[in-house]
Amino acid sequence: MPPIPKKYLTAAAVVAALLLGWFAFAAWTDYARDGAEEVATYSDLVAAAERGDIASVTFRGDGAHAVTPDGQRLRAVVPVTDDLLKELRGRKIAIAFEEEAGGLVSGTVSVLEKLAPFLVIGLLIGALLLSGGQFLGGSRATRVRPRDTGTVFADVAGVDEAKDELRETVEFLRDPRRFAMAGARVPKGILLVGPPGTGKTMLAKAAAGEAGVPFFTVSGSDFVEMFVGLGAARVRSVFKTARAAAPCLLFIDEVDALAGKRGESNSHSEREQTLNQLLVEMDGIVNGGEVVVIAATNRAEMLDPAVTRPGRFDRHIHVALPDVAGREAILGVHTGRLHLAPDVCVRTVARGTPGFSGAELANLTNEAALSAARNGRVIVGMADFEAAKDRVLMGNERRSLALSNHERRLTAYHEAGHALVSIRCPEADPIHKATIIPRGRALGMVVRLPEGDRVSVSRAKLLADIAVAMAGRAAEDLVFGPDAVTTGAEADFRAATDLARRMVTAWGMSDAIGYVAHAGNDPAVVRSERTAWRIDEEVRRITDEGMERARRILAADRAALERITAALLERETLSGEEIGGLTEEERETEAA
Ligand code: ADP
Ligand code: ZN
């Protein structure tokens, strides 16, 4: 338990003192009213009445209060029966009934009893408002606990690039002063971007483990609150906890829940305040602040731009789904705990699980162990892994995992086509990597690096980009024939057509249409049918020419296409340099 903040203790003491004071006051007034009351029994009371020693009786909730002619007071608990009343009346004793229990003390108690639920709610709301949300926000901060992370980088496999990027952070946390003295600026906010289960949490934990500092973890969704100000208060208190433990590492999972783009509607003022508070806290960690914040998301593009500005989460590390070598390494880590039969080939398991994340591979390994256990064995065999794969596949019906050999080959040719044409068209964006690891609905992809923020783009580059987009289908067609081509090029065609249409209608890049802007959705601009037809023709001509160019390049370089395809099938992911190397080879052999 963290210590309760002083101000709550003070508030509680004030409330307690007020209550005590009230009860003392009430007791005193009760005493003043009733004086010293003698407690009597029912028989005493009746006997006194019979002696004529009673002048009046008042019935209240707590009994009969009698007054003698000389002012003495008696109290007795009595049944209010008709007989008793008749007896009293017969002796001319004044009778009164008081509705309430009377007396400030008992009165207060019974009123409090009735009002208790409202009082509790009122007190909570009051505390909330008075403290600007600190009350709950603060108490919830206990969720954030430093963990003794037993995790080190060796436990996280297949993400070597991410580990390399985090090494500097580890060095900084180990000895912050050294960096401060050197005047080095170490990123205090790091964003891990990647699909779920790829080991982002593990990486952050391992970084803390390697540095030997406390690890705080919290999820973005913990900050999503109903009441304005609550989320912000929680952010404040989480950072306060972290700062108090510096040097340390604070991990914010699912940061998009907390730092998503600010909405168009104004109805999200709670979210906005929470996000602003996060920005304030990030800015508050000045250089050498010794708190490193690592946030994870699988959708970096969903984040508010303010979050990724310099000085905040300005270092991005991509954690991708593992390729075949990565999967083998991850399986190595997880099968290390098992007794494997000699027939188990981890590499084969890795080959058979394209698209599996680290978490799914961990799950697969566990399922295999369970399968062995169910059959009364301690030794886990290859059949167990097969059974486990079926179970995992059934569990998350993933089309990509059932990828047939043919589909894989076709995807590899498709991506190799994009890659080769982009290398042969120097004006196009350079290629960063190509992969046939399925992701989402895409069976594979080629990632290209746009060179900086281009404001204007040349016609030559646009034509090259269109040819590159066409190259996927061109390769399918070239290798498998026109009847075997697939729907996989849909997005490519959309991108190419979009570019071509804008060249014609917006950028004045078509001789047939000229320098007229036809773009825009202004319904007032009525286009003649003839012009519309000519625009379509021009778009068609440009995309067709792109397709022709792609075909020519691929047909002329078939050997390079085969090499890239084979390498993709073997390694699943190729970097731009690797692809470049594969296309260079040919020139060398030609020269020789
Ligand atoms: P994320 O934070 O990216 O969703 P986690 O770090 O929570 O993923 O990973 C969940 C589990 O999956 C881990 O506890 C671990 O067992 C396994 N796992 C994921 N990635 C790896 C990896 N690269 N190496 C080893 N195990 C991994
Ligand atoms: Zn494509």
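Note that ligands are numbered from 1 as they come in the structure, with each ligand's atoms numbered from 1 the same way.
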Original post:
Are the side chain of R408 and the backbone of L569 linked by a donor-acceptor contact shorter than 3.5 Å?
Top reply: yes

Original post:
Nearest protein heavy-atom contact for atom 26 (N) of ligand 1: which residue, which atom, what distance?
Top reply: H334 NE2, 2.8 Å

Original post:
Please state which protein non-hydrogen atom is closest to atom 4 (O) of ligand 1 and give its distance, to 0.1 Å?
Top reply: G197 N, 2.8 Å

Original post:
What's the OD2-the Zn ion (ligand 2)-NE2 angle here (D492, H418), rounded to 10 degrees?
Top reply: 100°

Original post:
Looking at atom 2 (O) of ligand 1, what's its closest protein heavy atom, distance included?
Top reply: T201 OG1, 2.5 Å

**OP:** Do me a favour and list the nearest non-hydrogen protein atom to atom 24 (N) of ligand 1 with residue, atom name and distance?
**Re:** A157 N, 3.0 Å

Original post:
What is the closest protein heavy atom to atom 8 (O) of ligand 1, and at what distance does it sit?
Top reply: G199 N, 3.2 Å

Original post:
Is the backbone N or O of S575 less than 3.5 Å from a side-chain atom of E578, with the two atoms forming a donor-acceptor pair by type?
Top reply: yes

Original post:
Which residue supplies the protein heavy atom nearest to atom 6 (O) of ligand 1, what is that atom called, and how far is it?
Top reply: M202 N, 2.9 Å

**OP:** Check the surroundings of atom CZ in R541: do more than 12 heavy atoms from other residues, nucleotides or ligands lie under 6.0 Å from it?
**Re:** yes

Original post:
Backbone or side chain, does any N or O of P196 fall under 3.5 Å from an N or O of ligand 1?
Top reply: no

**OP:** Using 2.8 Å as a strict upper limit, say whether an N, O or S atom of E415 approaches the Zn ion (ligand 2) that closely.
**Re:** no

Subject >> With E562 via salt bridge (Lys or Arg N to Asp or Glu O under 4.0 Å) - residues at least two apart >> reply: R558

**OP:** Number the atoms of ligand 1 from 1 as they appear, then name those within less than 4.0 Å of a heavy atom of V156, with their elements.
**Re:** 22 (C), 23 (N), 24 (N)

Original post:
Does any N or O atom in G158 lie less than 3.5 angstrom from one in ligand 1, N or O only?
Top reply: no

**OP:** Only one of K188, K240, R243 passes salt bridge (Lys or Arg N to Asp or Glu O under 4.0 Å) with E281; say which it is.
**Re:** R243

Original post:
CZ of R174: more than 12 outside heavy atoms within 6.0 angstrom?
Top reply: yes

Original post:
Can you tell which part of A359 has a heavy atom less than 4.0 Å from ligand 1: side chain, backbone, both or neither?
Top reply: both

Original post:
Do any nitrogen or oxygen atoms of D253 lie less than 3.5 angstrom from nitrogen or oxygen atoms of ligand 1?
Top reply: no

**OP:** Look only at the side chain of T335 and the backbone of L338, and say whether a donor-acceptor pair between them is shorter than 3.5 Å.
**Re:** no

**OP:** Output yes when E545 and R549 qualify as a salt bridge under the 4.0 Å nitrogen-oxygen rule, no when they do not.
**Re:** no

Original post:
At a 4.0 Å threshold, what atoms of ligand 1 neighbour a non-hydrogen atom of D155?
Top reply: 24 (N), 25 (C)

When the side chains of residues 157-164 are checked against the rest of the protein, which donor-acceptor pairs come out under 3.5 Å, sequence neighbours left out?
{"residue": "K163", "atom": "NZ", "partner": "F153", "partner atom": "O", "Å": "3.0"}
{"residue": "K163", "atom": "NZ", "partner": "V156", "partner atom": "O", "Å": "2.5"}
{"residue": "D164", "atom": "OD1", "partner": "R167", "partner atom": "NH1", "Å": "2.8"}

**OP:** If you have a sec, work out which protein heavy atom is nearest atom 18 (N) of ligand 1 and how many Å separate them, to one decimal?
**Re:** G358 C, 3.6 Å

Original post:
Just wondering, do V238 and I252 contact through their side chains at under 4.5 Å, heavy atoms?
Top reply: no

Original post:
N/O to N/O below 3.5 Å, does that happen between V333 and ligand 1?
Top reply: no

